[in-house]
Asker: 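Handing you this structure, nothing more for now.
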There are 2 protein chains.
Amino acid sequence: MDIQTTNALRLLQAGDELRAKLSGEFSAIHGISVNEYFLLLHLEKSARNRLARVELAKRMHVSASTVTRMAAPLEKIGLLGREVDERDARLSYVVLTKAGKTKLIEAQATFTKRAGYTFQDRWTEEELSKLSELLGRLVAGTAGNLT
Amino acid sequence: MDIQTTNALRLLQAGDELRAKLSGEFSAIHGISVNEYFLLLHLEKSARNRLARVELAKRMHVSASTVTRMAAPLEKIGLLGREVDERDARLSYVVLTKAGKTKLIEAQATFTKRAGYTFQDRWTEEELSKLSELLGRLVAGTAGNLT
DNA sequence: GCAATAAGCTTGCAGATGCAATGATATTGC
DNA sequence: GCAATATCATTGCATCTGCAAGCTTATTGC
């Protein structure tokens, strides 16, 4: 197996494992899923804390219908709002509310804690920095880079 | 944001993006999903090309019921077989068949091609090697390391 | 201007997945 | 040996997701 294939496999496996661990913690502690956390995070990183649904779908690698259905309950509990575009009545923005920001901050603590566990053993600053640089290159081209 | 959190975010985002690209190719070309590909891969890496369902579930980070339901159609089309344990009648092994191996080899070509695209631009051998080492550490402790 | 096309969002439907309950078999405590 | 407990696999149910169709609104071609 060539090294590129090895890297692709390890990337997917490492990501899956981290996601699995986060998944339990997020639903138990915060009542939102990892995907919902990412949705909030994308909005927080965006101008005016809002994004058109199509754009959000692209950044999250999900379909437009999934965005519609993910946003509905979050809007219901006040974490998200809805805005319309003045010039284009087709566009419907998803907006992060103040309550949404609060929830996001809480969830970020859990995320950071889990990240700490993941890299706590025998990782030097230099290694963390090198990994960040290499992974950074992989996500550099994407529209929805959260880092 | 600390560097550990940055790395965790980038790991998840890079994994998601690669998975999204693989997803379309796999279903279109081979008629199996990325998850089904991983199922075949886990079996191929195992002794006697077989695993108990519970063990397969752990390695894939899915529930036991998902293994039952993923294996059923693959068994129906002949990619997987079923074996029982002589000593423990509760155990039901999932076995990779010859047709399954053939399908796996086909799918591996697609995976390797996508891995090549992912790392084709300005990645030196040294960088690929370093990334492999760092990601390797993340997946080292897991029971189902595919590399 | 108006018809044709495109784009954004939502909804119906089908497939995938997890949790909890169930049934079958093993193991343990006594 | 037998009852209590644990383990493995499956199934019912609820949830999440994508695709295709449909509705609304913009844009384009003429």
Asker: Is a side-chain donor or acceptor of R53(B) paired with a backbone partner of V94(B) at a separation under 3.5 angstrom?
Answerer: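 No, R53(B) side chain to V94(B) backbone: no donor-acceptor pair under 3.5 Å.
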
Asker: In whole angstrom, give the distance that lies between atom CD of E86(B) and atom P of dA26(C).
Answerer: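 Going from E86(B) (CD) to dA26(C) (P), I get 13 Å.
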
Asker: Whole angstrom is fine here: how far is it from CE in M70(A) over to P in dT10(C)?
Answerer: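 For the pair M70(A) CE and dT10(C) P, the rounded distance is 14 Å.
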
Asker: Answer with yes or no whether S65(B) presents, from its side chain, a donor or acceptor under 3.5 Å of a partner atom in the base of dC19(C).
Answerer: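 Between dC19(C) and S65(B), which were checked side chain against base, a qualifying N/O pair under 3.5 Å is present.
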
Asker: For a quick check, tell me whether the side chain of R69(B) and the base of dG15(C) share a donor-acceptor pair closer than 3.5 Å.
Answerer: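 Looking at the base of dG15(C), it does not pair with any donor or acceptor on the side chain of R69(B) (distance under 3.5 Å).
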
Asker: Nearest-nucleotide wise, let me know which of S63(A) and A52(B) is further upstream toward the 5' end of DNA chain D.
Answerer: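 Its nearest nucleotide being more 5', the pick is A52(B).
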
Asker: Is any side-chain N or O of R90(A) under 3.5 Å from a base N or O of dT24(D), one able to act as donor and the other as acceptor?
Answerer: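 A donor-acceptor contact between them is absent.
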
Asker: Atom NZ of K58(B) to atom P of dG18(C): distance rounded to whole Å?
Answerer: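 It works out to 15 Å between those atoms.
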
Asker: So do the side chains of F38(B) and L12(A) get within less than 4.5 Å of each other, counting heavy atoms only?
Answerer: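 They are in contact (side-chain heavy atoms under 4.5 Å apart), so the answer is yes.
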
Asker: Tell me whether the OP1 or OP2 atom of dT10(D) has a side-chain N or O from T68(B) closer than 4.0 Å.
Answerer: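 Checking dT10(D) against T68(B), a side-chain N or O does come within under 4.0 Å of OP1 or OP2.
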
Asker: Counting the atoms with a prime plus P, OP1 and OP2 as sugar-phosphate, which does V62(A) contact under 4.0 Å by heavy atoms, base, sugar-phosphate, or nothing?
Answerer: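 Sugar-phosphate contact only - V62(A) comes under 4.0 Å of backbone atoms but never of a base.
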
Asker: What is the distance from CG of L56(A) to C1' of dC9(C), rounded to the nearest Å?
Answerer: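 Taking atom C1' of dC9(C) as the reference, CG of L56(A) is at 13 Å.
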
Asker: Mind listing the residues from residues 25-50 of chain A sitting with a heavy atom below 4.0 Å of DNA chain C? Number order is fine.
Answerer: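 Listed by number, there are none.
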
Asker: Using atom CG of L91(B) as one end and atom P of dT7(D) as the other, report the distance to the nearest whole Å.
Answerer: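 Atom-to-atom, L91(B) to dT7(D), this comes out as 13 Å.
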
Asker: Tell me which nucleotide among dT10(D), dG8(C), dA6(D) gets nearest to the side chain of R82(B).
Answerer: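 Of all the options, the side chain of R82(B) is nearest to dT10(D).
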
Asker: With respect to the side chain of R53(B), which nucleotide from dA9(D), dG8(C), dA26(D) is positioned closest?
Answerer: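 Taking heavy atoms from C-beta onward, the closest nucleotide is dA9(D).
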
Asker: A64(A) side chain: which of dT10(D), dA26(C), dT10(C) is closest?
Answerer: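 Closest nucleotide among those given: dT10(C).
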
Asker: Is a side-chain donor or acceptor of K113(B) paired with a backbone partner of Q108(B) at a separation under 3.5 angstrom?
Answerer: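 Checked: no pair found.
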
Asker: Check the surroundings of atom CD in Q120(B): do more than 12 heavy atoms from other residues, nucleotides or ligands lie under 6.0 Å from it?
Answerer: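 Enclosed.
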
Asker: Are any of the side-chain nitrogens in E25(B) or R114(B) under 4.0 Å away from the carboxylate oxygens of its partner?
Answerer: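 The answer is yes: the pair qualifies as a salt bridge.
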
Asker: D85(B) CG to dC8(D) C1': how many Å, rounded?
Answerer: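 Those two atoms, CG and C1', are 11 Å apart.
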
Asker: Output the rounded distance in Å from CZ (R19(A)) to P (dG18(C)).
Answerer: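 Between P of dG18(C) and CZ of R19(A): 13 Å.
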
Asker: Please report, rounded to the nearest Å, how far the P atom of dG8(C) is from the CZ atom of R87(A).
Answerer: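 In whole Å, dG8(C) P lies 16 Å from R87(A) CZ.
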
Asker: Taking N49(A)'s backbone N and O only, do any of them form a donor-acceptor pair with S46(A)'s side chain (distance below 3.5 Å, no angle check)?
Answerer: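 Pair absent, no side-chain N/O of S46(A) close to backbone of N49(A).
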
Asker: Could you check whether E133(A) pairs with K130(A) (Lys NZ or Arg NE/NH1/NH2 to Asp/Glu carboxylate O, under 4.0 Å)?
Answerer: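 A salt bridge links E133(A) with K130(A).
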
